[in-house]
Amino acid sequence: MRSLSRRKFLGNSAKAAAGTATVLSGLSGPSLASAIRPKKAAPNDKVHIALIGCGGMGTGDLADFLRLPEVECLALCDVDQHRLDETVQTVKELRGRAPDGYRDFRKVLDRQDVHAVIVATPDHWHALPTILACQAGKDVYVEKPLATSIAEGRAMVAAARKYGRVVQVGTQQRSAPHFKDAVDFVKSGELGRIRFVRAWAYLDWKGSIGNPKDRLPPSYVDYDLWLGPAPRRPFNPMRFHHNFRWFWDYFGGLATDWGAHMIDVVRWAMDEQPAGASSVGGKFGFPDDIRETPDTLQAVLEFPGFSMVWEHMIGCGVGPWQREHGCEFHGQNGIAVVDRNGWEVVSETDMFQQPDRVFRMMPRPRQSASDDGHLAHVRDFVECLKTRERPKADVEIGHLSAIPSHLVNISWRLKRSVKWDSAAERCVGDAEAQALVGREYREPWVLPKS
Ligand SMILES: NC(=O)c1ccc[n+]([C@@H]2O[C@H](COP(=O)([O-])OP(=O)(O)OC[C@H]3O[C@@H](n4cnc5c(N)ncnc54)[C@H](O)[C@@H]3O)[C@@H](O)[C@H]2O)c1
């Protein structure tokens, strides 16, 4: 069983939010003491939450929720009894009171005293709990990427609007000050006309996942409930906790995993929708492991007035600008580059003026990130529960930001370019591509129509 000490739990938020410890090294977070002993909140101000999915990111999210004095965690839910028990115990140690534990999230949604739920399950389990929570009158903090398909994302937006719920997506860059500074700079126009944007993720801290045989699921896991709406298939440890990322039934590989973060920043700055995508790549790094999603991918996306490239590699960490992940905005006057560690601006020059090259704009040296934004993102959600305003990463923002990543995957899976009608949210003239805009649900699970 995974050991999750109190110290590890509290450290989890930053690490899980980064997806890697290295990315956030050097960033300061709230002190352990402030998380354990928050100031008291008046009883009427209490926000009662529940966590669905007590894995790496769920416990990380919960750690930051519990740093807020007004938050009480009443319930936890996981289909893995070990993870559930361990997280119940940790919250009891932190807050002196054990939350109730559940295997079936519908029982959590039945509770009248729960105001909001955190949905931190694998992606094939994002849409249903979110929509059912909205129907049950609960607000939702749902992890990124919003869903495994575009159609599910749209249904989640519809449910949030119909039932008047606050739904925040776990793209914490939206609450990180240096990302806002970089995006404001890009929007200021100083770069001149932006013609090219690139976003990327190169992860050398992930590699082959091997080729283990299917086996019986652990006795302490409700595997049928873990599969939920995904197709029935034998248990395999590499398709399970954390590694579900590399299988189409549950996730979209690195294109949606990190695309949800970096392409969201692109959309924040550029505020446009794609008209199509064309991807190449394959399992070039680890051809013999059981991963289904490509470990190497380059995609070109068509946007009004600019081109965009998404690229990713698993098993290599040196991406463009020698950064393992990031976004670059290439304007007529210069280039802005931003990642989780900071941002900078490089000037274009007028080459014909050599040897006295003329810089077209004032470059800006790299400015380090002061904060990863995760706690502020959680706080923003909790504030919006009270004000009923839209949060920084409102569900529709998360939905629109996920679309480019999904199109990249649809193009790669079909081995052809896809055209996208962003107003109708449909693939144009391609029935197979359109079929991948939605997904089949295994009975008895049904995606509710809002
Ligand atoms: N915001 C970020 O920076 C960030 C970072 C990492 C992961 N994530 C996201 O968080 C989500 C979870 O990822 P993870 O790495 O924590 O995965 P994980 O496998 O560690 O945790 C998922 C947990 O959900 C549980 N679960 C599955 N089905 C369930 C169900 N029906 N009801 C209740 N519990 C269920 C699993 O048993 C597991 O404990 C993913 O969507 C991922 O993209 C976000």
Side-chain angles (χ1 to χ4, degrees), residues 1-2 4 12-21 23-24 50-64 75-87 101-109 117-130 132-133 141-148 168-176 201 203 206 217-218 220-230 235 237-247 250-262 264 325 340 372-375 377-378 393 398 402 405 445:
M1 189 171 96
R2 215 171 43 117
L4 189 65
N12 238 9
S13 71
K15 285 187 188 170
T20 166
V23 176
L24 279 180
L51 167 65
I52 303 171
C54 304
M57 194 62 206
T59 54
D61 287 335
L62 184 60
D64 270 348
L76 297 172
C77 171
D78 204 293
V79 296
D80 177 329
Q81 192 65 40
H82 283 181
R83 284 189 162 189
L84 180 61
D85 292 345
E86 196 177 18
T87 313
Y102 297 90
R103 181 176 292 200
D104 188 331
F105 69 89
R106 290 168 295 188
K107 296 218 167 78
V108 175
L109 302 184
V117 292
I118 305 167
V119 175
T121 43
D123 298 12
H124 67 291
W125 260 129
H126 282 185
L128 264 180
T130 299
L132 296 180
Y141 185 100
V142 56
E143 265 310 331
K144 50 51 59 177
L146 186 61
T148 19
Q168 169 98 301
V169 184
T171 43
Q172 60 273 5
Q173 290 72 220
R174 290 262 175 177
S175 298
L203 305 184
K206 290 192 189 295
Y220 52 85
V221 169
D222 185 336
Y223 178 55
D224 190 63
L225 198 49
W226 188 92
L227 284 173
F235 177 85
M238 279 301 150
R239 297 176 64 105
F240 190 49
H241 290 333
H242 183 80
N243 284 306
F244 59 79
R245 283 167 166 70
W246 318 125
F247 298 90
Y250 325 115
F251 209 95
L254 212 46
T256 58
D257 195 4
W258 271 82
H261 287 307
M262 293 300 114
D264 178 52
H325 70 274
R340 282 181 171 175
D372 73 342
H374 190 267
L375 176 59
H377 208 53
V378 165
S405 304
W445 302 103

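Atoms within a ligand are numbered from 1 in the order they appear, just like the ligands themselves.
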- Contact check: Phe251 vs ligand 1, nitrogen or oxygen atoms, below 3.5 angstrom: no
- Task: Decide whether an N or O pair under 3.5 Å exists between His126 and ligand 1.
- Result: yes
- Message: Counting only heavy atoms, tell me which of His241, Glu143, Arg245 gets closest to atom 14 (P) of ligand 1.
- Response: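 Closest candidate by heavy-atom distance is Arg245.
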- Note on the structure: Among Ala393, Gly56, Gly58, Pro129, closest by heavy atom to atom 20 (O) of ligand 1 is Gly56
Could you list which atoms of ligand 1 come closer than 4.0 Å to a heavy atom of [X]?
X	value
Trp125	28 (N), 31 (N)
Gly170	1 (N)
Gln172	1 (N), 2 (C), 3 (O)
His261	1 (N), 2 (C), 3 (O)
Asp123	40 (C), 41 (O), 43 (O)
Leu225	31 (N)
Pro145	43 (O)
His242	15 (O), 18 (P), 19 (O)

- Query: How long is the span from the CG atom in Leu227 to the CZ atom in Phe235, to the nearest 0.5 Å?
  - Reply: 9.5 Å
- Note on the structure: Rounded to the nearest 0.5 angstrom, the CD-OG distance for Gln168 and Ser175 is 6.0 Å
- Message: Could you check whether Trp125 and Phe105 have their ring centres less than 6.0 Å apart?
- Response: yes
Just wondering, do [Y] and [X] contact through their side chains at under 4.5 Å, heavy atoms?
X	Y	result
His126	Thr121	yes
Trp445	His124	no
Asp78	Thr87	no
Asp264	Val169	no

- Query: Is the Phe251 ring parallel, tilted or perpendicular to the Phe244 ring (thresholds 30°, 60°)?
  - Reply: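 The rings of Phe251 and Phe244 sit tilted, inter-plane angle from 30° to 60°.
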- Anything under 30° is parallel, anything over 60° is perpendicular, the rest tilted; go ahead and classify Phe240 against Trp226. tilted
- Message: I need the contact type for Arg83 against ligand 1. Using non-hydrogen atoms and a strict under-4.0 Å cut-off, is it side chain, backbone, both or neither?
- Response: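 For Arg83, only side-chain atoms sit under 4.0 Å from ligand 1.
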- Task: Please answer whether the main-chain N or O of Arg340 pairs with a side-chain N or O of His325 as donor and acceptor at a distance below 3.5 Å.
- Result: yes
- Task: Return yes when Gly228 approaches ligand 1 closer than 4.0 angstrom through a heavy atom, no otherwise.
- Result: no
- Task: Tell me, please: is Phe244 in heavy-atom contact with ligand 1, that is, under 4.0 Å?
- Result: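 The answer is yes, since Phe244 has a heavy atom less than 4.0 Å from ligand 1.
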